[in-house]
Each structure stands twice: as C-alpha cells, then as structure tokens.
Amino acid sequence: VLLEEINSVVPGIGAPSSIVIQPGSPAAGKTLAELNLRSLTGASVIALTRGRDRHLMPAGKEMVQAGDTLVLVGTQEAVGLAKDLLRIAH
C-alpha cells in the first residue's frame with residue numbers, strides 16, 4: 001500500500017524498491033545523512049516505515065533502526081548498490 005501511495009504522490013519516479021533493515025545491518029543506528037546513499041550509490045530513500053509510522057521523504061536527520069523498512073528509488077544498479085550497503089556484511 002505504501003508503494004502505491006508513493007507512486008501516486010511522485011508519478012514517474014521509477015519503480016520503488018523496499019528493504020527491511022536487519023539487526024546487525026551497518027545502517028542500524030545511523031542517520032540517513034550519515035548513510036549518504038544518494039552520493040554513494042545514486043539511490044534515494046523516499047520513505048521509511050517503522051511499525052505503524054510512515055515517513056514520506058524522510059529528513060537526513062532520521063535515525064535508521066533495525067526493523068525499519070526503507071523505500072528506495074533510482075536506477076536498478078543504484079538501488080542494488082544501496083541494498084548491498086544496507087545488508088549485513090558476511
């Protein structure tokens with residue numbers, strides 16, 4: 001439902017893709033600004049959900065926590081790179 005809402009608010013932005021932040025992810029405990037995904041990968045975070053809370057176009061000061069879902073947009077390559085950075089390193 002959130003992805004449909006985003007598509008209606010920002011049509012033509014490309015297909016949004018989501019990722020759940022797992023415990024131990026390098027993203028957990030960092031702000032979106034600290035993650036700097038747009039500069040590092042070209043992907044943008046256009047929404048963050050935490051439980052029942054939804055933040056469309058979250059601010060850079062928003063802290064990412066384990067269990068959050070981030071909605072990303074960008075080229076397929078950019079989104080893939082961003083997801084790689086957000087996953088737990090093995």
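Just so you know, these numbers come straight off a predicted model, no measurement behind them.
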**Study point:** Contact check, side chains of Leu86 and Leu37, non-hydrogen atoms, under 4.5 Å
**Key:** yes

- Message: Within the 4.5 Å heavy-atom criterion, are Ile88 and Gln22 side-chain neighbours or not?
- Response: yes

Smallest heavy-atom separation, Ala28 atom then Ala66 atom, equals CB-N, 4.0 Å

Hits for side-chain hydrogen bond (donor to acceptor under 3.5 Å, both in side chains) against Thr41, two or more places apart or cross-chain, chain-then-number order -> none

- Message: Please evaluate residues Thr49 and Arg54 with respect to the criterion side-chain contact (heavy atoms from CB on, under 4.5 Å), reporting the C-alpha separation (whole Å), side-chain torsions for both, the decisive distance (0.1 Å), and the verdict.
- Response: CA-CA 4 Å; Thr49 60; Arg54 292 194 243 176; 3.7 Å; yes

Practice task
Apply side-chain contact (heavy atoms from CB on, under 4.5 Å) to Val71 and Val45, showing your working.
Solution key: CA-CA 6 Å; Val71 180; Val45 177; over 6 Å; no

Would you check if the side chain of Glu34 reaches a backbone N or O of Thr31 as a donor-acceptor pair within less than 3.5 Å?
-> yes

Query raised in the report: Is the number of heavy atoms from other residues, nucleotides or ligands within 6.0 Å of CZ (Arg50) greater than 12?
Result: yes

Point to revise | Donor on one side chain, acceptor on other, Arg38 and Ser44, under 3.5 Å | key: yes

In this structure, CD of Gln65 is separated from CG of Leu48 (nearest 0.5 Å) by 8.5 Å

One should read off an interatomic distance between His55 NE2 and Leu32 CG, to the nearest 0.5 angstrom, of 10.0 Å

Please report, to 0.1 Å, the donor-acceptor pairs under 3.5 Å made by any side chain of residues 77-85, with sequence neighbours excluded.
residue, atom, partner, partner atom, Å
Lys83, NZ, Ser17, OG, 2.6
Lys83, NZ, Ser18, O, 3.4
Asp84, OD1, Arg87, NH1, 3.2

d(Met63 CE, Asp68 CG) to nearest 0.5 Å is 10.5 Å

Quiz item: Taking Ser25 for the side chain and Ala27 for the main chain, is one N or O donor matched with an acceptor at less than 3.5 Å?
Solution: yes

Evaluate side-chain contact (heavy atoms from CB on, under 4.5 Å) for Leu72 paired with Ile19, printing each intermediate quantity in order. CA-CA 8 Å; Leu72 308 167; Ile19 182 170; 4.2 Å; yes

Step by step, would you call Leu70 with Ile21 a side-chain contact (heavy atoms from CB on, under 4.5 Å)?
CA-CA 8 Å; Leu70 301 184; Ile21 304 303; 3.9 Å; yes

